[in-house]
Amino acid sequence: MNYDFKSIEKKWQQKWVEEKSFKAIDFHPTKPKYYVLYEFYNISGNLHMGHLKGTVPADALARFKRFKGYNVLFPIGGDAFGLPAENAAIKTGIAPADFVEAGMKKVLSQSQALGLSFDYDRTICTSSPDYYKWTQWIFLQLLKHGKAYKKKGVVNFCPNCQTTLSNEDSQGGKCDRCGGDVVQKERWVWFLKMKEYSQKLLGNVDRINMAENLKEAQRNWIGRSEGMEVSLDLYADSGEKLGKVEIFTTCIETIYGMTFVVLAPEHEYVEKFKDNIKNYDEVVAYKQKTALRSEFDRKSNLKEKTGCKVEGLYVVNPVNNAKIPVYLADFVLAGYGTGAVMAVPTHDQRDFDFAKEFNIPMIQVIEGDVSKQAVEKKEYLAKNSKLLNSAEFSGMKVLDAKKKIADKLEKMGAGKRVVNYAMGDWPFNRQRYWGEPFPVVFCDHCGTVPLDEKDLPLVLPKTKDYLPNEKGDSPLSKVESFVHCKCPKCGRDAVRETDTMPNWAGSSWYWLRYCDPHNDNALADFEKLKYWGSVDCYTGGTEHITRHVLYAFFWQNFLYEIGAVPTRDPFIRKMGSGLILDDQGKKMSKSSANGVSPLEVIDKYGADAARLHLHFLGGYEDNTPWTYDGITGITAFLDRVWGLQDIIKGEEVSKEHRIELNKLIKKVTEDIEDLKLNTIISALMIFMKKVREDGFITKEELRSFLILLNPLAPHITSEVFERVFKTQILDEKWPEYDEKYLVDDQVDLPVQINGKMKQVVKVKRDISQEDLLKFLSENYKALYNGEELKKVIYVPNRILNLIK
RNA sequence: GCCGGUGUGGCGGAAUGGCAGACGCAUGGGACUUAAAAUCCCAAGUUCGAAAGGGCGUGUGGGUUCGACCCCCACCACCGGCACCA
């Protein structure tokens, strides 16, 4: 009888859905909870190979935990606001909501075809009003608690898409949407005060269980650095004191070497002191030029410094009262530190290059050869070099001087030690149609007024025009009935905010909603949030590690602080799945990762085979090149699983298989927690080999074997189990292993002579060294014949090494 | 430039101080078959040797150890993150 995967897989998939086999129970009276989360689907089209890579291990873990007696929450949903729906609307005219509805249906049925054990009753979709009601509610809380503000700011802007982008959306200077170059533009922007949470986010990063390379990526992105903020008095050439320039430096030890100060081109003083700036036209021209420069342009000419001297202003170095000229240059970023730096050309290569370009004098303040290039921080700190030309600090070692100079400045009141973060506030509005509307109105009389919470959701109106207007305003600005409204406060005519929230908004809290997906009175019931707690294991791609995951940390911290959720950490553990690569034109070059759909594999070989094959190719966190090569090994294995029905002999675990089975249980139990599906499959194959060699399997052995394989290949195991045992595999418990059956009475002991492997001998378990040597001298004279030994290393049951 | 990760047969990959290359693919041989497919069995790191057996082998060079893919030092390559970050 052959295994007919088509009908059997379908049978089980229907059964699971109809019977709601994987329903998570709120407040289960006896079972402990376990929350497994897979990054919800971006609703764009069909599931692809990456989904197979990400979902199956999560599914296996969920199924394993259920066998282990946990009440498992394993939900799924759709991240639906965003580009695919909007692009489809622009291109084909299909309403985004319809696109999303069809897309959701598709991915859910495809999930079922993969045999994924989601609780489909908890499915959510970020673009449905009963969900985004709470995204809007969170925004109102942010606004209420002063964590959201609107200001004219310089932001990343994509000229092609006509919209504002966050730093996270324009990594590498490229638009995340269209791949085009991003420019800097001044606009009205809603910001969320994410920077304020930098240190807390680092705390989340420290606490989460996650691969080191991912943690590093996040720490780099947050970009903590310790330094000093120093106030320099600013004067006009006339001698009139205008104010103070605040600079940030991590190298306070070089302050005596400061020969100029550089402001970011966007620095407010350009505008503020324009009457004192003698070459104002030139300064403004430079400012405009830099704004148009793309990131790409800036980065491709790092050595070439551009800048502009600001004539008519100077600052004073507080430690020695030296007069210091002021420049504008685009190497200083408005968003980092104070947007102003002290420049020390002798000890910073960038300043060195700038000084050469603009003929600015240099003062060496730390020993070393600065004739050709700067002696930088890394070098002088490592050597702990001595200071020069630094008044009372001359001759002092750098590490010491760093502290003393900082102390002096603090005592003078001219500086303070600060910590800076590279991560900025989150620009939170987009000039797009398909997103959450902001629940605020602008009233001439009352200013910016938030909607009342009870008026949420503010529903996104229907339209047929999905393009921004010629001024770059959101498509919503064209929907008159939406724009015009009454002020909630005074009742006068007012207008709505017409920008929408970024596509990351809905995904920044969705794991909370799964705990209570249909609640109309809160984002989720607090007691339910408490019950399900943090996500125990969160799987998904690594490409969102510096965006979505950081946003998630940010919102969870905020919600925790306002008492809306019971925990500061959204996730206890995060597993980043590797990528599926195409095969680099080797043998089967016709297929590429993008070209092969998991549905195609399911159609040809079945869902179980597709699940096993992809995960046999490599570990969860590794990148795996996709190939059909080797899938026959998997299908042959599944056929043999099917064939086990025909060789059942005996009831209890047999003597012949007891050790193999116990080892297998141990291996699978341990590796499944780490999502190491490849070694699990290998272990199952080894057991299969043994059973087939012996020509039989007992019923108890088969029971355990099927349960162990079930998380990976749920369909075939459910069917074989039902046929053999007449009951359901889902009602079973995970098999336990017994330590005492992990080892045989006889062990294969490797024997080394002088550290070199010679032979493996079969000896009694735990044999004493004395007996072992006696045994060898009697049976293995070539290895040892009783001669004098310099040394014997014997690790019982592991190794014997004779030093002659 | 700074930071993190990875480096093992023809290929995907096992092994985290104790028999390197498990498991699988591809390959070669055999059985079954009119034949092929499927299935089953056997072989296989490389090199010298008829064989027995020996040499060499986990990116490179050194070190620690009775013993190193594994730990330490230096270097190389690849992948990823950040980057005119003050």
Side-chain angles (χ1 to χ4, degrees), chain A residues 2 171-172 211-225 227-228 247-251 254 262 264 298-299 301-306 329-333 335-344 348-351 353-354 376-378 420-423 542-543 545-546 578-579 581 583 586-588 612-613 616-619 621-637 639-640 643 676 678-686 688-689 692 748-760 790-795 797-803:
Chain A
N2 279 325
Q171 295 186 23
E212 196 52 36
N213 57 336
L214 301 181
K215 290 195 175 202
E216 257 334 281
Q218 294 188 329
R219 291 193 186 111
N220 282 339
W221 186 258
I222 296 168
R224 182 189 156 99
S225 98
M228 277 203 101
I247 61 102
F248 174 71
T249 178
T250 56
C251 305
T254 62
V262 187
R298 287 170 76 149
K299 281 180 185 169
N301 308 301
L302 289 192
K303 276 273 164 188
E304 253 174 64
K305 297 288 179 271
T306 71
D330 65 0
F331 74 75
V332 175
L333 308 173
Y336 182 76
T338 56
V341 300
M342 71 172 198
V344 183
D348 182 305
Q349 192 57 40
R350 186 200 51 205
D351 297 348
D353 294 340
F354 192 89
E376 293 203 284
K377 177 163 59 172
K378 197 190 169 204
N420 237 305
Y421 300 91
M423 187 178 67
T542 54
E543 69 274 21
I545 213 75
T546 56
L579 303 170
L581 309 171
D583 57 3
K586 277 259 167 79
K587 230 193 285 179
M588 315 262 322
L612 288 179
H613 177 58
F616 194 49
L617 287 177
E621 298 194 293
D622 305 323
N623 294 337
T624 26
W626 167 258
T627 169
Y628 271 113
D629 286 352
I631 196 163
T632 52
I634 294 296
T635 53
F637 172 70
D639 285 339
R640 290 167 191 171
K676 281 156 70 175
N678 52 340
T679 51
I680 291 177
I681 296 164
S682 150
L684 289 160
M685 285 173 166
I686 292 168
M688 172 66 79
K689 222 180 201 177
R692 281 164 55 83
D748 292 324
L749 188 77
V751 180
Q752 300 181 342
I753 308 285
N754 297 329
K756 287 212 145 202
M757 256 310 297
K758 287 294 169 190
Q759 196 164 355
V760 178
K790 282 194 193 137
K791 197 169 175 186
V792 177
I793 290 106
Y794 178 49
V795 184
N797 309 320
R798 296 298 287 277
I799 195 87
L800 175 72
N801 190 2
L802 305 175
I803 312 301

Name the closest nucleotide to the [X] side chain, picking from [options].
X: M685(A); options: rU39(B), rG24(B), rA83(B); value: rG24(B)
X: S682(A); options: rC40(B), rC66(B), rC23(B); value: rC23(B)
X: N801(A); options: rC84(B), rG67(B), rG4(B); value: rG67(B)
X: K689(A); options: rA86(B), rC23(B), rG12(B); value: rC23(B)
X: K676(A); options: rA26(B), rA15(B), rA14(B); value: rA15(B)
X: F248(A); options: rC23(B), rA86(B), rC19(B); value: rA86(B)
X: T632(A); options: rC84(B), rC19(B), rC25(B); value: rC25(B)
X: Y336(A); options: rA86(B), rG24(B), rC84(B); value: rA86(B)
X: T250(A); options: rA22(B), rA86(B), rG12(B); value: rA86(B)
X: F331(A); options: rG13(B), rC23(B), rC84(B); value: rC84(B)

The criterion is side chain to side chain donor-acceptor pair (under 3.5 Å); which residues satisfy it with T542(A), sequence neighbours excluded?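 Checked T542(A) against side chain to side chain donor-acceptor pair (under 3.5 Å); zero matches.
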Expressed as a whole number of Å, how far does the [atom1] atom of [N] sit from that of [M]?
N: rC85(B); M: rA14(B); atom1: C1'; answer: 43 Å
N: rG57(B); M: rG67(B); atom1: P; answer: 16 Å
N: rG54(B); M: rU8(B); atom1: C1'; answer: 24 Å
N: rA74(B); M: rU27(B); atom1: P; answer: 46 Å
N: rC84(B); M: rG21(B); atom1: C1'; answer: 48 Å
N: rG13(B); M: rC3(B); atom1: C1'; answer: 28 Å
N: rC25(B); M: rG9(B); atom1: C1'; answer: 13 Å
N: rG59(B); M: rC70(B); atom1: C1'; answer: 15 Å

Assuming nearest nucleotide by heavy-atom distance, tell me which of I799(A) and V341(A) is located more 5' along RNA chain B.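 Per heavy-atom nearest nucleotide, the more 5' residue is I799(A).
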Let me spell it out: for each of T249(A) and N213(A), pick the nucleotide of RNA chain B with the closest heavy atom. Which residue's pick is nearer the 5' end?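 On the 5' side of the pair lies N213(A).
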Of all the heavy-atom pairs spanning T635(A) and T632(A), show the shortest one and how long it is.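 Taking T635(A) first and T632(A) second, the nearest heavy atoms are OG1-O, 3.1 Å.
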If every non-hydrogen atom of A217(A) is compared with every non-hydrogen atom of I545(A), which pair is closest and at what distance?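 In this case the closest contact between A217(A) and I545(A) is CB-CG2, 4.1 Å.
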Donor + acceptor pair across side chains of T254(A), K377(A) (<3.5 Å):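 The answer is no; no qualifying pair exists.
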Please report the distance, rounded to the nearest Å, between [atom1] in [X] and [atom2] in [N].
X: I545(A); N: rG80(B); atom1: CD1; atom2: C1'; result: 12 Å
X: L802(A); N: rG67(B); atom1: CG; atom2: P; result: 14 Å
X: R798(A); N: rG67(B); atom1: CZ; atom2: P; result: 18 Å
X: F616(A); N: rG24(B); atom1: CZ; atom2: P; result: 7 Å
X: D622(A); N: rG13(B); atom1: CG; atom2: P; result: 7 Å
X: Q349(A); N: rA83(B); atom1: CD; atom2: P; result: 21 Å
X: R224(A); N: rC3(B); atom1: CZ; atom2: P; result: 18 Å
X: M342(A); N: rC85(B); atom1: CE; atom2: P; result: 14 Å

Base partner of [N], which must satisfy Watson-Crick or wobble distances under 3.5 Å:
N: rC40(B); result: rG30(B)
N: rA35(B); result: none
N: rG9(B); result: none
N: rC85(B); result: none
N: rG4(B); result: rC79(B)

Is [X] close enough to [N] that one of its side-chain N or O atoms is under 4.0 Å from OP1 or OP2 there?
X: N420(A); N: rA86(B); value: no
X: K378(A); N: rC2(B); value: yes
X: R350(A); N: rA83(B); value: no

Y794(A) vs L749(A) side-chain heavy atoms within contact, under 4.5 Å: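 Heavy-atom side-chain distance check passes, below 4.5 Å.
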Is the glycosidic torsion of rG81(B) within 90° of 0, making it syn, or is it anti?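 Anti.
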Just call it for [X]: base, sugar-phosphate, or nothing, with non-hydrogen atoms closer than 4.0 Å on any strand.
X: N623(A); answer: sugar-phosphate
X: K756(A); answer: sugar-phosphate
X: I803(A); answer: sugar-phosphate

Check if the side chain of N220(A) and the base of rG81(B) share a donor-acceptor pair of N or O atoms closer than 3.5 Å.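 In this structure, the two groups form a donor-acceptor pair.
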Side chain K305(A) and base rC84(B) donor-acceptor under 3.5 Å: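 Under the 3.5 Å cut-off, the side chain and the base do form a donor-acceptor pair.
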Can you check whether S225(A)'s main-chain N or O pairs, donor with acceptor, with N420(A)'s side chain at less than 3.5 Å?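 Absent.
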Check whether any side-chain N or O of N801(A) sits under 3.5 Å from a backbone N or O of I793(A) as a donor-acceptor pair, and report yes or no.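 A pair under 3.5 Å: no.
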I'd like to check the salt bridge (Lys or Arg N to Asp or Glu O under 4.0 Å) partners of R219(A); sequence neighbours left out, ordered by chain and number.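 Partners of R219(A) by the salt bridge (Lys or Arg N to Asp or Glu O under 4.0 Å) criterion, ordered by chain and then number, come out as D206(A), E212(A), E216(A).
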Please determine whether side-chain contact (heavy atoms from CB on, under 4.5 Å) holds for the pair T306(A) and D330(A), giving the CA-CA distance in whole Å, both sets of side-chain angles, and the decisive distance to 0.1 Å. CA-CA 7 Å; T306(A) 71; D330(A) 65 0; 3.5 Å; yes
